[in-house]
Structure formats: C-alpha cells, structure tokens
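Accompanying notes for the structure given below.
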Amino acid sequence: METLLDSSYTTVDEKPVIQLFYNRQKIKNVEGVEPYFYATSSNPEELKKEIEEQHISSILKIETIEKTIIRKKTPLVKITLQHPRNVPENRDKIRNLQNCEDIYEADIRFAQRYLIDSEILPMEGADKAGLVVASFDIETYATEGKIDTKSPILMISYADSTGMEKVISYKKSDKEFVETVKDEKEMLEAFVELVKKQKVDIIVGYNTDNFDFPYIQDRAKELKVKLDIGADGSELRLERRGIDMGARVTGRPHIDLYPVCRRLFKLPRYTLEDVYESIFGKQKLDIDTDKISVYWDGEKKEELDLLFQYSMEDAKGGLKIANEVLPLVYQLSSLIGQPPFEVSRMGTGTSVEWLLMKKAHENNVLVPNKPRDSEARERATHSFQGAYVLEPKKGIHEDIIVYDFRSLYPSIIMAHNIDSSTLNCDCCKKEDAHVAPTGAYFCKNKTGFIPEILGNILKARLETKKKLKEERSKSKPDEKKANILDARQQALKVLLNSAYGYLAFSRARWYSKDCATAVTAYGREYIKKTIKAAEKAGMKVIAGDTDSVFLTLPNGGKEKTINLGKEFAKKINAELPETMELEFEGYYVRGVFVTKKRYAMIGEDQKLTIKGLETRRRDWSNIAKTTQQKVLELVLWENNPRKAADYVREVIEKIKEGKILKKELAVYSQLTKNPSEYQSKAPHVEAVKKAMQEGKSFSSGDVFQYIITKKGEMISDKARLTEFVAEGDYDPDYYINNQVFPAVSRILGALGYSEDELKGLGKQMTLGSF
DNA sequence: TACCAGAGGAG
DNA sequence: AAATCCTCTGGTA
C-alpha cells in the first residue's frame, strides 16, 4: 500500500516539477503543473485586455472564469504563469493596473496548492503502508551548565518501528544497545547512514525542531558532515516558523512530537516525561540534565551506563508517544489535505483554514484573502461577548444531575445556517430567516459554506463512531482497525470544535464578527431558556456554564431526581432544532460549589470531579492541593467535615515541624514575558531574577518551580527557585496561611463554617464546633 | 480598602 | 498566530 508523505517542487528546464514523496522513499514527478492566481475587476474583460497589453513573457495564459464569491457566481480573471517564482512580481504588477480590484489566491504555496487541486490526500491508507517510524534523541555536553553548540554531542539514541534500538556514541559500554564509533564526526555519519539503511519513512523526536536538529546541524557544519537524510538526498533544512523553527527533511517527514502533544493534550507542563506519564500512567527514567556532563566526564562505569540507558529510554519513549499520537496526525492530514510535516505544526485556526481552502476548491468558491496586519490588529482590539455563566448556588448539594449541550457551537452553526454567505441574504425576508438574538439573520433557502462542511464532518463522525462501536462489540475486535477509527473520529471532532474559534480568529480568511457574535448569542439564549424551563419544572439550578447545566430536585432523592431529569431532557430536546441535543451527562451523589467555574462533585463510584479549585492548578503547592483533595473526599464521600478539620490540623502540625519536603512545597509558574519587561514585583519573577544573578538564563515562555523560603521580608523576597533551596528551608507561616488554609477554607467555608471557626483551624486551636 | 498586573483555569 | 469568562494572589498607594 502506498501513501503520500510529502510534496515539494523542483525546477527542470526553467519549469516547475511537482515531487510527490511516498513511503519507502518512492518519488513521483509531475510535470506540466502551472501556478496561477486570480484578479477581480468590475470589468474582467477590460482587465484581461489590460494585462495582455503588458506583454509579460512569464504569463502563459489569461482567461476570464467564474467563481462563487458570497454565493454569487462572479466573473474574474485567472492568470497562469510559467513558474512559482513569477508569482510575486506579477501579482504586484497586476494589482496596480487600473481595472484590477484585488488579487486572490496568490499566497498559497505551490506544492500545497497542488495537493488541493489534485485532490490527492496525504497519509490516506497510512495505516496499511507499513511505515517505518524512527525516533531519536541527542545528549550534549554543557560547559559550566551552558548549552552551546560549541560543545559536542555525546550520544545519539535511535529507536524505530522495526525494533531497531541503539545508542551511537564514542565511549564504550557493555550495554548491548551501545554502538561505539571513533568520534563525534563518525557518530553523526553513522546516524545519517542508519536513517538511510533503515529506510525510515517518518522521523520523530521531542522538541527536535528547536533543539536536537538545530544542534545537529551546527555540529555537522563544524565537523563537515553532510546531513543528506532527505528521501531525494537533500540536506536537512531549518525553516523559521513564526518564533519557532521547523526542521524539514524532504520526503521523510520529520514530526516534532512537542507541538503535537501541546495541541492534543491539556497538561500543566509538556516535558517528554510529563507527556509520557500522562499517557502511560507510569514514569519514564529521568536524570537531572546537569548530571549529563558530570557522568560523561566521570570515571564511573555505572554512571556512564545510566546516561546511555537514559538516552535509550528517551528515544524509546518518543517512539511510544508517536504510536499514540501519529494516527491522529495522519487522519488530520488526510482530512485537511496537507502533509504531516505541516499539519503537525499547525494551530487549530490554520487547520480549519486549510480544510476550508480545500472545500473552497471543491465548490468553486474563491478563497478570501488573509487580512493585512493592520486589519488583523483592528479586529483583535475589539473583543465581543461570549458565553453565559450562571452564578452558582454556593455550598453543598446532594443528588445532582448534569446536562451538556452536545457540541453546542457547531450545532448552532448548523441549526441556524450561520455563515458569511447566508448573513442578511437578499433571498429571504428577515422574518422568514433564522434571526439571531443579535438581530443578524441567516438564509433558510440554501445551506452556507461552513454549515455544509460542518454537516458533512458531523455525518462522517457519526458514521465513524458507529463503525467503531461495531468493531469493538465483535467477539474478536481488530484492535488496529478500532484505533484507526477512533483516531478518525477524534480528528473530525477536533475540526468540528474549532469552527467557532476560527470565525472569531482575527487572522482568519473567513473571519466574521457577525457570525461569531450570532453563535455566542444563540448559545446564551439556549442555556438561559434551559435554566428557565428547569426552574419552571420545579428543579433547582445550582450552576451553569456555557453549555452545561447542574440541577437538583429539592427533597427529590436520587430516583425521583433522575427520573424527572430524564423526562426534562426529553422535553427540551423535542423543542430543539434537529442538530442540537441536550445530553444527560451524569448523576452525582454530592457536590460543593464555591464560585463560578470552581466546584467539586463525587459520583456513585466515589470518583471526584474537581474543576477550577486549587487542586487543579499548577501554581499551588502539592501540600495545599493534596490537603484540599483529602478534605473534599472526607466532606463529599464521608460527609464528615469534622474528620476533615482533624486532617488539616495534622498537616499544619507537620508544616510547623519543618518536615515537609521540597517537592510538596514547590509552586509552578511560567514567564509570559522576558524578566526585564515586568512592571510589577511578583514572587515568581523575583525568584527568576535571583536565579539569573547566579548565572541561569530565562526568557518568556519558561516554566519553573519556586519555594517560599525563610529569608526575606516580603513573599517576593522569600521566593527562590526550587533548585537553589535546601530541604527544610521554607516559611511555615506562608505555607499554613497562604497555601493550605485558603485551599481548605474555600471548601469548609462553602459548607457554612464561619470565618472565626476557620481562623481557629489556621491557628490550630481545638475546634469544638467541627 | 481599592485597584492593578499577572497567572491559569473552564467550557 | 482559535475565542471569552472568571477567580485569585501579591504588591502598591
């Protein structure tokens, strides 16, 4: 089975030749593909003449054609050129002609444009292609803790889907997976050879765009090693992609798993170890990076072996993560119609945009231009109203049922045909159309561009889910097939859920404030109506946020509440448009509601659902988080606040004794700007600044931990990065009064305990009232 | 006490 | 280079 991995183009005899890269490094050349763009005009024939009069030799063809612009078939001029490099000059020249209004589709890269036009889907059938996926990782030497490509690479680890696993280095080991070569240069050469010999189709790593590949490239340059690992023998290329780099290996797609994981998982941090643990539920071997150089220099065989082992585990860990996430990347790739190199680095907005551009081609719709920078900035300065959040009924509640509108925003877009092309159409009278609460109205005669696409995606997803269910219910399910179906339905879900954000995205080609505001206004209307209806039915609404509603039935008890609840959902659904549905999400025994977006509930299975509370935040210490969690368990399951208070008292005692370990005290934070740019004094910034005085460097985006120590006046003065703090050096007062106390009093306070009673807890008095 | 900047979460 | 709504902290005046 053959699958398309990548596309590119070269020039032969002054003509572009599209190169299609398939698995096992097979290359197909496509000749005769010509680049083109469009020009709009109030008088296309005149514009055509005007262009012809310029006698531009690089222009092959000038024709008037028709495309749909906002539902209307509109004539425009198509200009076909000899070579992609002729596009920029001619685009500018023609834009300045008298009869030209604007230029369209001149900014779509040739090789990517070809994929849209040819309707060839990358990665289609990838699961049957037997792709060789290889993961690699490097360890480097650091002089005085500084990472600098003047220092050598010490080892390169490699693991691929054929089972080949090795670490290439120039020090010896008894470990069977270590291959020892003469020096760093030979190591790099051996790596290049290995990739070729193994016929690697997809090359993966973790943070390899911004670390491993740039480092390898620098060292290879220094040591005069040719990194010709491209399927066509081309060398590794580093591209600027916004603020980040992208390491491109032609025809042998390099996929950096870091941006993929960032997009796929919602985690507090994204180190390889964090991601590994969150997927597999167990820890990966990790060593302190400062130790790498020490172990390398040291005489101890065990330490060097540990380093080899660690490096091997990193490559193997990368491969394991790849096995989990690549199926989704492949599915997104074939849905969007773009190669995995691009797709794996795209944000949600860009993914949706490529999908729309592909559909625009299929429907002969003209692709709108990207907004200019000034326009995008202007759009971004005006924010608009979003979702509705109901003020919760604070305190403890029992027998709670929860509803969710299934895919609220996409279902609204479909139900009310929300699209730029249907907005305030002239074929419907307003009163006959879908009138949004904003006053905008949408056509009822013809389905809009985006609603139609979403409808097809939804249909495809339901079919895929059905097939998945069928497969899994077989007596001998085909696990591989099921996993692919699951990846496909997930990819469809990602696209479905990104549609609203795209409409409101300031740099979107299909940006529409009118559509975006209509969507959220409908959303607010639906949830408010549901709340009112629930109240009318005798239910008590205790919380609600965007698309979810939390209800109890006063004096109802479990059975009665669930029965009435299900009946209520039925009634609501009967009145909802076809694509919309209020789903019964679940029943909970007990729950405590603190503020908007902050609550905890416990199910019949004793499973806690905690949202927004400190337990869920990385910028709180473990000691505060675990104590809060324990209090929640005791309060929600055992219904025993007194026991909770006892527990808190024990924790406070331990803190006072100075027995708490660093890892229980550390607080995570992230710099959202460079340290010098902060205008206010804050603990996390002060901790970083102190570390910088000790030679560490920090910049925007860095994630780190700090502890509040004993030394200093203000909290900021006491804050120091964890690595500079000795065990036992912490401020017990801070951890009692500013960490554990607020976290637990949030819960106990919501149960009705008074300020004084809670303060007593902090001061560790005996709590008679508990 | 009121306010601000900043961080991080929910949906 | 997807959006808005929201709570909470520490520092300052």
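The structure displayed is predicted, hence computed values, not measured ones. Lettering of chains follows the sequences in order, A, B, ..., and the numbering in each one begins at 1.
One interatomic measurement links the two molecules: OH of A:Y409 to P of C:dT4, which rounds to 11 Å at whole-angstrom precision. In this structure, A:D547 places its CG atom 15 Å from P of C:dC5, rounding to the nearest Å. Rounded to an integer number of Å, the gap from CZ of A:F405 to P of B:dA10 is 22 Å. Per the geometry, CD belonging to A:E353 stands 11 Å off C1' belonging to C:dA1, to the nearest Å. As a whole-Å value, the separation of A:D404 CG from B:dA10 C1' is 12 Å. Between the CZ atom of A:F704 and the C1' atom of B:dG8 there is a distance of 13 Å, given to the nearest Å. The distance between atom NZ of A:K266 and atom C1' of C:dA2, rounded to the nearest whole Å, is 17 Å. Distance, A:D545 CG to B:dG9 C1': 11 Å, rounded to whole Å.
In terms of heavy atoms, A:G246 sits closest to A:R345 at CA-NE, 4.2 Å.
Residues of residues 580-587 of chain A that place a heavy atom closer than 4.0 Å to DNA chain C do not occur.
By the 4.0 Å N-to-carboxylate-O rule, A:E686 lies too far from A:K690 to be salt-bridged with it. A salt bridge is defined here as a Lys NZ or Arg NE, NH1 or NH2 lying under 4.0 Å from an Asp or Glu carboxylate O, and A:E378 with A:R372 fails to meet this definition. A salt bridge does not link A:D619 to A:K625: none of the charged side-chain nitrogens sits closer than 4.0 Å to a carboxylate oxygen. One finds no salt bridge joining A:K696 and A:D702 here, because no Lys/Arg side-chain nitrogen approaches an Asp/Glu carboxylate oxygen to under 4.0 Å. The existence of a salt bridge linking A:K681 and A:D717 is confirmed by a sub-4.0 Å separation between a basic side-chain nitrogen and an acidic carboxylate oxygen.
Among the protein residues, A:Y599 comes within range of the sugar-phosphate backbone only, with heavy atoms under 4.0 Å from sugar or phosphate atoms but none that close to a base. The residue A:R263 sits apart from the nucleic acid: no heavy atom pair falls under 4.0 Å. Counting any heavy atom pair closer than 4.0 Å across all strands shown, A:T350 reaches sugar-phosphate atoms only and no base atom. Nucleic acid contact class of A:G386 (heavy atoms, under 4.0 Å, all strands): sugar-phosphate only.
In this structure, A:I572 CD1 and A:L582 CG are separated by 6.5 Å, a value rounded to the nearest 0.5 Å. A:N417 contributes atom CG, which lies 7.0 Å from atom CG of A:D419 (distance to the nearest 0.5 angstrom).
Between A:F568 and A:Y403, the ring planes lie tilted relative to each other; the angle falls in the 30° to 60° range.
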- Heavy-atom protein contacts under 4.0 Å, nucleotides 6-13 of chain C, coded B base, S sugar-phosphate only, - none: SSSSSSS-
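Remark: aromatic rings of A:Y599 and A:F550 are close, center separation under 6.0 Å.
The side chain of A:F384 has C:dT4 as its nearest neighbour among C:dA2, C:dC5, C:dT4. Set against B:dG8, C:dT4, B:dA5, the side chain of A:Q679 has B:dA5 as its closest nucleotide.
Residue A:R507 places none of its side-chain N or O atoms closer than 4.0 Å to OP1 or OP2 of C:dA1.
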